[in-house]
There are 2 protein chains.
Amino acid sequence: MKAVKELDYSPNIMARGLITKTSNTIGVFFGDQKNAGFEHPFLSQLITSIKDTIGVVGYDLLIFSNQKRDTSSFKSICYERGVDGVILILTGQRRNDEKIFNLHNSLPVVYIDSVPNSNYKKVNFVESDNEQAAFDATEHLIRLGNRKILKLAGDRIAKASFDRIAGYKRALLKNNMPIDEKLIQYGEFSKEKSYEIVQSCIRNNLDIDAIFTSSDMMAFGAIEALKDLHLRVPDDIAVVGFDDIEQAKLYKPALTTVHQQSYKMGELASKIVRPSAM
Amino acid sequence: MKAVKELDYSPNIMARGLITKTSNTIGVFFGDQKNAGFEHPFLSQLITSIKDTIGVVGYDLLIFSNQKRDTSSFKSICYERGVDGVILILTGQRRNDEKIFNLHNSLPVVYIDSVPNSNYKKVNFVESDNEQAAFDATEHLIRLGNRKILKLAGDRIAKASFDRIAGYKRALLKNNMPIDEKLIQYGEFSKEKSYEIVQSCIRNNLDIDAIFTSSDMMAFGAIEALKDLHLRVPDDIAVVGFDDIEQAKLYKPALTTVHQQSYKMGELASKIVRPSAM
DNA sequence: CTGAAAGCGCTTACAG
DNA sequence: CTGAAAGCGCTTACAG
């Protein structure tokens, strides 16, 4: 131990990993689209929480960023880097079933808020109760007297997207309101895309009195579009977001939104991926 | 190659690394204090940009999160994980010279916005021209007629902190204004700490007409404190921030602030740490 | 050009 | 209990 100190020695984890088949590393796959980078506050909070939670029990965090191997399956990428578990946060990203194939039976896997709809019965995942949350948010808008609520949904892939639409529909049905498919648009969780959709809806005289978006960033895009068209929020058109990111509080007037416990979600995912250690 | 496809084979990077002494991995040390996590938009943009830049040339990103080895030196941590280069983003964090000792001559190292003041002549670092930026911002406040400008500085360690104070001082001197050390306070880049400082300054009747903070988050803390004391911004007290994070734009009225090109900084740091590959 | 051997720095049985 | 050997999955010289 004296020599260890003197030489500032520490064991080479690669050599150790060759034997023990462990690396004390948790891998994370992160959306690679613009709207799904760390800049998104909800996602960066997830990462912070994962980093902290696994750090306490001795793990480092590997972010898969290498774009030169985009044809490999997630399974082989995980094997290649020898991670002990993997967390998938693929919000807003095209999911390729081929890439995910076989991943689940080779190491601990958990999705956060982005389990593919076709797959969610077979895998671990952490998410908010999106259906109920969307139901509550929509009812809130209805109680305020709104009747023509535009649902600015996420993508057509993730369970979270579908569930938020389902909650919206359930609230309409419960209040004996018709479901108009033209009032359901897909903003891909993108502020810019949402801006465009709202601009085009208003310009095409779509009759709406409120907008319920599937993320706060989408809500900001929607509000910007409304303002640019000289519509007042919420007087002319009410807007409700989803996520409750920091900006929602700072925004004046503060954005009405659905809170997601991002820190807790990251923590829980970390514990699922390393059940023994935590 | 047919077998490779069929078996979904990919080489074990640990075994390969044992021979080649490379891992196609860039390590990142990140501040571990509350105010320096990914939740800080400036920092999460840096990480996004590093992730993207190194990803294009085939690298993954290792975030050192393991808290169980906090006594090791950075050098031994890097050796242990076999990273090919390391980026240090230690804003707002106590820097321990012992930990950094010897790191610089064992692998490519670059600091972002956080080089220890005692060390900055010997190492690579990427930063804004903080002195000039602080000078410009302070002059802006002076031109608006402000005479008693509180400098809400960062910490007492980082070069960026000192440089922003230096720029502030130079602007005062150039305009024949006295430098009052009581008007320089350290907010540790923290919103909460800044809130407290401003509260206590005002309660103690410190005579100020403007505040120049060293980060936007600190500016938000300052503004919150002023509002809670029923002071108007900017009518009673003007506030200028630093960073130009997304929130600064969304805030109403928009926060006056100094722009930092965070994406470019991350990109540049990535290129320095892997000069051959980019 | 092909194929077997040596060796990277560890851990884990195993022999002494 | 101590110490040498085998082996993890690769790469790189080297022999054939």
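Labels below follow one simple rule: chain letters A, B, ... track the order of the sequence lines, proteins then strands, and each chain is numbered from 1.
When the P atom of C:dT11 is taken as reference, atom CG of B:L18 falls 12 Å away, rounded to whole Å. B:L7 has its CG atom 14 Å from the P atom of D:dG9, to the nearest Å. In this entry the distance linking CD1 of A:I19 with P of C:dC10 reads 11 Å, nearest Å. Rounding to whole angstrom units, CD1 of residue A:I13 and C1' of C:dT11 are separated by 14 Å. Taking atom CE of B:M14 as the reference point, atom P of C:dG7 lies 24 Å away to the nearest angstrom.
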Nucleotide pairing, DNA chain D (Watson-Crick or G-U, distances under 3.5 Å), in dot-bracket with [ ] and |:
|||.||||||||.|||

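Partners of B:S65 by side chain to side chain contact (heavy atoms under 4.5 Å, CB included), not counting sequence neighbours, listed by chain and number: A:K51, A:I54, A:D60, A:L61.
Heavy atoms of other residues, nucleotides or ligands lying less than 6.0 angstrom from NZ of B:K249 number more than 12.
Inter-residue side-chain proximity for A:N66 and A:I77 is flagged as unmet; no heavy-atom pair is nearer than 4.5 Å. Looking at heavy atoms from C-beta onward, B:I245 lies in side-chain contact with B:F220 at the 4.5 angstrom threshold.
Checking C:dG9, D:dT12, C:dT11 against every side-chain atom of A:T20, the shortest atom distance belongs to C:dT11. Side-chain proximity of B:N12 to C:dC8, C:dT12, D:dC10: nearest is D:dC10. You'll find that the side chain of B:R16 is closest to D:dC10, out of C:dC10, C:dC8, D:dC10.
For the OP1/OP2 pair of D:dG9 and a distance below 4.0 Å, the side-chain nitrogens and oxygens of B:Y9 include no atom meeting the criterion. For A:K21, no side-chain nitrogen or oxygen approaches OP1 or OP2 of C:dT11 to under 4.0 Å. Here A:Y79 reaches the OP1 or OP2 of D:dC10: one of its side-chain N or O atoms lies under 4.0 Å away.
Cation-pi geometry between A:R81 and A:F64 is not satisfied (NZ or CZ under 6.0 Å from the ring centre, within 45° of the ring normal). Cation-pi geometry between B:R274 and B:Y59 is not met: the NZ or CZ atom fails to fall both under 6.0 Å from the ring centre and inside 45° of the normal.
Checking each of A:D155, A:D129, A:D113 against A:R164 for a salt bridge (Lys or Arg N to Asp or Glu O under 4.0 Å) leaves exactly one that passes, namely A:D113.
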